[in-house]
Q: 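My questions all concern the structure below.
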Amino acid sequence: MMYPYQIKSIEQYQEAYQKSIENPEAFWEAIASHFTWHKKWDSVLSYNFTEPKINWFQGGKLNITENCIDRHLATRGEETAIIWEPNNPDEHTRVITYNRLHKRVCMVAQMLRNLGVKKGDRVCIYMGMVPELTYAILGCARIGAIHSVIFGGFSAQSIADRLEDAQAEFIITCDGAERGNKNIPLKSVIDEALIANKLVKKVVVYTRTRTPVSMLKGRDVWWEDEMEQAEHQVEKNGVVSFPAEPMDAEDPLFILYTSGSTGKPKGVVHSIAGYMLWANYTFLNVFQYQVGQIHFCTADIGWITGHSYIVYGPLSAGGTSLMFEGIPTWPDAGRFWEIVDKHQVNILYTAPTAIRSLMAYGLSYLVDKDLSSLKVLGSVGEPINEEAWHWFSQHIGKGKCPIVDTWWQTETGGIMISNLAGITPQKPAHATLPLPGVLPVLLDENGFEIVGNKVSGNLCIKLAWPGMIRTTYGDHERCKSNYFSTYPNLYFTGDGCLRDENGNYRITGRVDDVLNVSGHRIGTAEVENAINSHSGVIESAVVGYPHDMKGQGIYAYVIFEESNHDHQLTKQDILQTVTRIIGAIAKPDKIQFVNGLPKTRSGKIMRRILRKIAEGEYNSIGDTSTLLDPTVVDDIKKTAL
Ligand code: PRX
């Protein structure tokens with residue numbers, strides 16, 4: 001099988017790009033016609049970036065699970081959809097064919113229906129990386145319920161906030177999750193998250209670790225029991241069926257929470273048809289996926305990367321997706337390479353932070369590993385430094401695999417700027433060129449577009465693309481103010497960006513108060529709120545600083561109520577507080593106790609100054625004359641870490 005809209009040469013890329021910008025409707029209509037629809041659309045695109053209101057394939061009806069599963073069954077039913085590699089290498093791998101995936105997803109859909117889940121209901125999924133997580137996601141989509149996956153590293157408080165925001169009535173979880181030598185008690189975290197919750201009616205618990213759990217009568221049910229019952233309902237005389245709900249193209253598919261520069265995480269909403277097309281099109285073109293290849297995306301499904309490039313991209317293409325339960329460094333730092341060797345992986349898509357950390361372990365873990373099956377390497381989540389890029393290319397790709405440096409965001413649904421593997425030129429540390437459908441522009445701080453090459457500015461997108469964010473759940477105004485108000489009629493990414501002499505884009509990092517720590521997106525305001533909730537803390541300010549391994553580290557300046565406290569102990573308490581409120585991923589790397597923070601006369605914290613101090617750049621702090629009390633800067637410098 002060939003993929004009809006896979007770009008095969010640089011000329012084809014240029015042609016596709018031009019068409020997609022000049023006539024997006026004709027371009028995307030041709031691609032959409034390759035999918036399974038219950039009813040054809042009335043119009044391809046109408047949108048404005050002021051409300052904003054985005055409408056792709058209006059009037060069309062479809063179900064994404066038919067496109068990810070059913071349409072492959074006739075030709076690829078016995079081919080592998082998912083290879084699952086367990087945390088413990090001694091445990092058995094699981095291989096899930098499209099036929100089996102179909103049956104499981106039908107069973108989950110039936111189970112959810114039995115439990116009272118209806119179209120449009122929000123189902124929160126808090127599970128480890130087990131195949132059942134994929135079944136749960138697709139089971140929701142089959143009946144038109146909106147899934148909201150929460151990463152297994154988030155705390156009970158974070159879950160409680162998300163449940164509340166999404167007004168979720170159903171949860172699917174596991175007893176526990178295995179990650180490295182840790183066992184995370186997921187169900188008990190859910191129990192804690194539900195203490196003050198009044199909405200959740202049912203919690204389904206899948207048994208993974210056999211960790212003891214408490215099951216509340218009437219609310220908590222076992223996945224295994226419910227699925228057994230569902231199996232009898234969906235299978236008649238050996239034939240499995242559960243009719244997929246015909247959904248409107250613009251119905252929401254999922255909510256995924258992500259951090260912004262202010263307040264609590266917001267629920268990014270993606271809609272069905274546009275997201276499906278985008279995940280599929282970008283998957284096929286960026287990675288140049290070929291039928292039968294094994295695609296290994298190392299992300300967790302709790303993040304957008306997992307949604308688009310473990311689940312929806314590969315499955316919509318009838319591909320084989322490898323899902324890994326564990327972490328790169330357990331039982332040792334050769335685990336990724338062992339998996340590549342064992343399963344003869346063809347495409348490896350991972351994050352710079354993982355590359356940097358494995359690089360630091362040295363080459364000995366590579367010695368006895370056969371990596372010759374690899375054809376394409378990919379990077380995502382943060383800028384990749386040149387050293388890591390070259391190491392990845394040379395030692396993993398053996399100089400023969402193209403590396404795709406893919407820039408995108410939770411809000412964009414899929415890859416936006418990237419080279420196409422082996423088709424368009426790569427350039428270390430550059431995401432390079434926009435995908436068809438993506439029209440990037442750079443803006444200066446006064447809102448003027450910067451034209452020409454060898455320039456830098458704030459990255460915005462000028463045209464609507466199918467996979468873009470539709471709203472932030474329950475608060476459309478927030479979507480508008482976050483993304484569409486900084487620059488009129490443009491989507492603002494929050495990233496700074498360079499355009500080189502050949503028009504290649506290089507993302508330089510966030511220009512707002514969002515940190516990127518080991519590829520995880522964390523808002524400084526969120527961390528500050530968590531720190532401030534510690535009883536002795538009067539005020540705090542959080543900034544990022546360059547960190548060799550994590551990309552960015554978290555630096556917290558804290559004013560504590562008394563000066564003669566035990567600093568070590570208080571730091572531990574603050575870390576514990578942040579872990580409890582957000583999760584361990586948001587723990588500051590450095591905490592400095594200070595007597596005051598640099599504030600303007602209007603009371604605004606001058607983060608620019610704090611960033612400079614955190615970076616150790618005392619000589620370029622700049623003008624401090626507008627500060628209410630410029631002497632605080634010297635005080636802070638004296639005890640800086
Ligand atoms: O700053 C950019 C950075 O990650 C941010 C998006 O984070 P998130 O929504 O969690 O999605 C991560 C996975 C898509 C962006 O605003 N980022 C992502 N990819 C790259 C990147 N920065 C530089 N180069 C990339 N390839």
Side-chain angles (χ1 to χ4, degrees), residues 149-151 153-154 254-261 265-270 275 278-279 282-283 286-287 297-310 312-313 349-356 377-386 388-389 392 403-419 426-435 438 440 456 458-461 467-469 472 482-483 486 491-498 504-524 526 544 550-552 585-586:
V149 183
I150 301 180
F151 172 60
F154 280 119
F254 64 85
I255 306 172
L256 192 56
Y257 284 85
T258 191
S259 296
S261 49
K266 46 191 182 275
V268 171
V269 177
H270 282 288
Y275 173 80
W278 198 245
T282 54
F283 172 71
V286 172
F287 301 104
C297 166
T298 69
D300 192 289
I301 293 179
W303 310 109
I304 191 71
T305 308
H307 279 60
S308 302
Y309 301 108
I310 297 177
Y312 287 112
Y349 189 31
T350 191
T353 189
I355 299 168
R356 285 192 298 266
L377 304 176
S379 169
V380 60
E382 49 179 320
I384 180 166
N385 48 311
E386 294 203 19
W389 194 100
F392 201 31
I403 298 182
V404 289
D405 178 357
T406 64
W407 171 82
W408 58 296
Q409 312 178 296
T410 306
E411 294 85 346
T412 70
I415 298 164
M416 299 289 279
I417 302 182
S418 172
N419 49 313
Q426 59 187 24
K427 180 172 179 185
H430 287 69
T432 74
L433 299 174
L435 263 75
V438 177
S456 68
N458 289 344
L459 179 63
C460 293
I461 312 288
M468 72 185 296
I469 179 176
T472 44
N482 259 292
Y483 308 106
T486 315
Y491 166 82
F492 176 45
T493 64
D495 279 317
C497 184
L498 308 172
N504 288 307
Y505 290 88
R506 176 185 191 148
I507 313 300
T508 48
R510 303 288 303 198
V511 293
D512 53 7
D513 291 319
V514 172
L515 306 180
N516 194 328
V517 181
S518 302
H520 296 152
R521 190 165 147 181
I522 297 166
T524 53
E526 254 178 283
K550 300 177 172 187
Q552 265 188 314
I585 57 171

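Just follow the structure's listing: the first ligand is 1, and inside any ligand the first atom is 1.
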Q: Any idea which atoms of ligand 1 are less than 4.0 Å away from a heavy-atom of V380?
A: 13 (C), 14 (C)
Q: With no hydrogens and no angle check, just 3.5 Å: does a side-chain donor-acceptor pair link T472 and Y483?
A: no
Q: Relative to atom 5 (C) of ligand 1, which among W303, Y309, W408 owns the nearest non-hydrogen atom?
A: W408
Q: Excluding sequence neighbours, so at least two apart, what forms side chain to side chain contact (heavy atoms under 4.5 Å, CB included) with N516?
A: E382, Q552
Q: How does T410 reach ligand 1, by side chain, by backbone, by both or by neither, if only non-hydrogen atoms under 4.0 Å count?
A: both
Q: Would you please say whether a donor-acceptor pair under 3.5 Å links the side chains of D495 and W407?
A: yes
Q: With distance as the sole criterion, is a donor-acceptor pair present between the side chains of T406 and Y349 under 3.5 Å?
A: yes
Q: To check your reading of the model: name the closest protein heavy atom to atom 23 (C) of ligand 1, its residue, and the distance in Å.
A: P383 N, 3.1 Å
Q: Hey, what's the ring geometry for H270 with Y275, parallel, tilted or perpendicular (30° and 60° as the breaks)?
A: tilted
Q: Go through the structure and list residues passing side chain to side chain contact (heavy atoms under 4.5 Å, CB included) with A388, not counting sequence neighbours.
A: I355, R356, M359, I384, N385
Q: The test is side chain to side chain contact (heavy atoms under 4.5 Å, CB included); show your working for I304 and W408 and say whether it passes.
A: CA-CA 10 Å; I304 191 71; W408 58 296; 3.4 Å; yes
Q: Is the closest N or O pair between T258 and ligand 1 shorter than 3.5 Å?
A: no
Q: Using a strict 4.0 Å cut-off to heavy atoms of T406, name the atoms of ligand 1 that fall inside it.
A: 19 (N), 20 (C), 25 (C), 26 (N)
Q: Just by distance, no angles: are the side chains of T410 and Y257 close enough, under 3.5 Å, to form a donor-acceptor pair?
A: no
Q: Check ligand 1 against N516 and write out every atom of the ligand that is under 4.0 Å from a heavy-atom position of the residue.
A: 3 (C), 4 (O)
Q: For atom 7 (O) of ligand 1, what's the nearest protein heavy-atom neighbour? Residue, atom name and distance, please.
A: R521 CD, 3.5 Å
Q: Below the 3.5 angstrom mark, is there an N/O of T305, backbone or side chain, next to an N/O of ligand 1?
A: no
Q: Report the member of V511, V514, D495, I522 with the shortest heavy-atom distance to atom 16 (O) of ligand 1.
A: D495
Q: Give the atom numbers and elements of ligand 1 that come within less than 4.0 Å of a heavy atom of I507.
A: 22 (N), 23 (C)
Q: Is G381 near ligand 1, meaning one of its heavy atoms is under 4.0 Å from it?
A: yes
